[in-house]
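Scroll down for the structure; my scribbles are underneath it.
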Amino acid sequence: MLRRSRHGYPRRAYRRAFRPWLASNRPVLLVMLLGYSGLMALMAFTSGGYLRGLAHGFLSATFVGMLLAAFVATTGTIGQVVGAWGEDNTRDILKWARNRRLVHGWVDNVEIQGGDIDHLVATSTGWIAIDSKWHSRSFDAELIAQDAERAKRAA
C-alpha cells in the first residue's frame, strides 16, 4: 500500500530521536537554560535598548544552536540531518525544473512496504523515482556507481 508522508524518513527519524534525548538529558538542559536565563537577566539590568535586544537574540540563538549541536553529537543523528538536506536540495532542483517546464510535477516521500520513494516525478516521458543523497565530497565515477548500486538494491 502506498502512503504519502508529509516529511521524509530522515526528518522523521531525527524528530523521533529528539524527544527521548530531551527527556534523558533534562537536568543538564535545565542547568543550561537557567544559566542562559541568568545571562539574559543580567543583560536586562546592565544594558538598554538595542544592545539588550541584540544580546537577548544572540543568547537565544546560541542556546538553540548548542542544544541541537549537543543532540547531533551525542546521538549520531548526523546521517538523518544530511539526508534531510539532500531531500531538501532535490526538492529545490525539482521546483527549478517545474518553473522551466522540464517536469510536470512531483510527489515527495511516498512510503511503500519496507521503505520510501524520496521523490516521484512526472515527466513528459513517464514517471521517475528519485532517491536523494547527500555527499560532503565531490562526485567521481566510483561514488556515482556506489549510489546507483544502492538505489538499484532498494528498488
Side-chain angles (χ1 to χ4, degrees), residues 2-100 102-103 105-121 129-140 142-144 146-148 150-151 153-154:
L2 293 177
R3 185 178 144 241
R4 185 181 178 283
S5 133
R6 186 165 172 236
H7 299 288
Y9 173 77
R11 201 171 302 276
R12 289 192 318 268
Y14 183 81
R15 287 181 179 169
R16 261 195 312 270
F18 190 65
R19 285 188 193 271
W21 181 83
L22 279 176
S24 67
N25 292 292
R26 185 171 290 144
V28 173
L29 297 174
L30 285 175
V31 169
M32 281 178 57
L33 183 61
L34 286 173
Y36 270 90
S37 298
L39 285 172
M40 290 175 93
L42 181 66
M43 289 302 296
F45 293 116
T46 60
S47 63
Y50 182 75
L51 182 61
R52 180 185 329 157
L54 181 67
H56 284 176
F58 177 77
L59 288 171
S60 298
T62 56
F63 178 76
V64 171
M66 286 180 59
L67 178 77
L68 294 176
F71 169 66
V72 169
T74 59
T75 60
T77 54
I78 193 68
Q80 280 76 31
V81 172
V82 296
W85 288 349
E87 290 184 9
D88 292 345
N89 290 343
T90 303
R91 191 174 302 111
D92 291 342
I93 295 298
L94 289 172
K95 287 177 186 176
W96 175 87
R98 183 186 57 205
N99 290 342
R100 283 155 185 79
L102 300 173
V103 300
W106 71 92
V107 179
D108 295 320
N109 311 314
V110 178
E111 291 185 12
I112 54 175
Q113 190 175 19
D116 74 332
I117 300 170
D118 292 339
H119 311 277
L120 194 57
V121 182
I130 298 177
D131 185 26
S132 297
K133 297 290 180 204
W134 172 270
H135 295 289
S136 60
R137 62 184 178 113
S138 61
F139 288 114
D140 58 11
E142 181 183 336
L143 183 60
I144 293 170
Q146 288 173 354
D147 284 346
R150 274 192 234 121
R153 278 195 309 260

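When all heavy atoms of M40 and S60 are compared, the closest pair comes out as CE-OG, 3.5 Å. Between S132 and T90, the closest heavy-atom pair is OG-OG1, 2.9 Å. Contact detail for T75 and W21: the closest heavy-atom pair is CG2-CD1, 3.5 Å. Nearest heavy-atom pair, N109 versus R91, reported as atom, atom and distance to 0.1 Å: ND2-NH2, 4.2 Å. The shortest non-hydrogen separation linking T77 to A17 is CG2-CB, 4.2 Å. Annotation for W106 and L94: closest pair CZ3-O, 3.4 Å, computed over non-hydrogen atoms.
Here the straight-line distance linking atom CG of L29 with atom CZ of F63 works out to 6.5 Å at 0.5 Å rounding. Between the CG atom in L67 and the OH atom in Y36 there is a gap of 10.0 Å [rounded to 0.5 Å]. One distance of note links CG of D92 with CD of E87; it measures 12.0 Å at 0.5 Å rounding. For the atom pair T46 OG1 and L39 CG, the distance stands at 10.0 Å (nearest 0.5 Å). In this structure, CD1 in I117 is found 9.5 Å from CG in D131, a value given to the nearest 0.5 Å.
For I93, there are no side chain to side chain contact (heavy atoms under 4.5 Å, CB included) partners at least two apart in sequence or on another chain.
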*Verify side-chain contact (heavy atoms from CB on, under 4.5 Å) between F71 and L22, making sure each step is shown before the conclusion.*
CA-CA 8 Å; F71 169 66; L22 279 176; over 6 Å; no

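At a threshold of 4.5 Å between non-hydrogen side-chain atoms, the residues I130 and D118 do not count as touching. Counting heavy atoms from C-beta on, the side chains of P27 and V31 never come closer than 4.5 Å.
Atom CZ of R26 sits in a sparse spot, with 12 or fewer heavy atoms from other residues, nucleotides or ligands closer than 6.0 Å.
No donor-acceptor pair closer than 3.5 Å links the side chain of R19 to the backbone N or O of R15.
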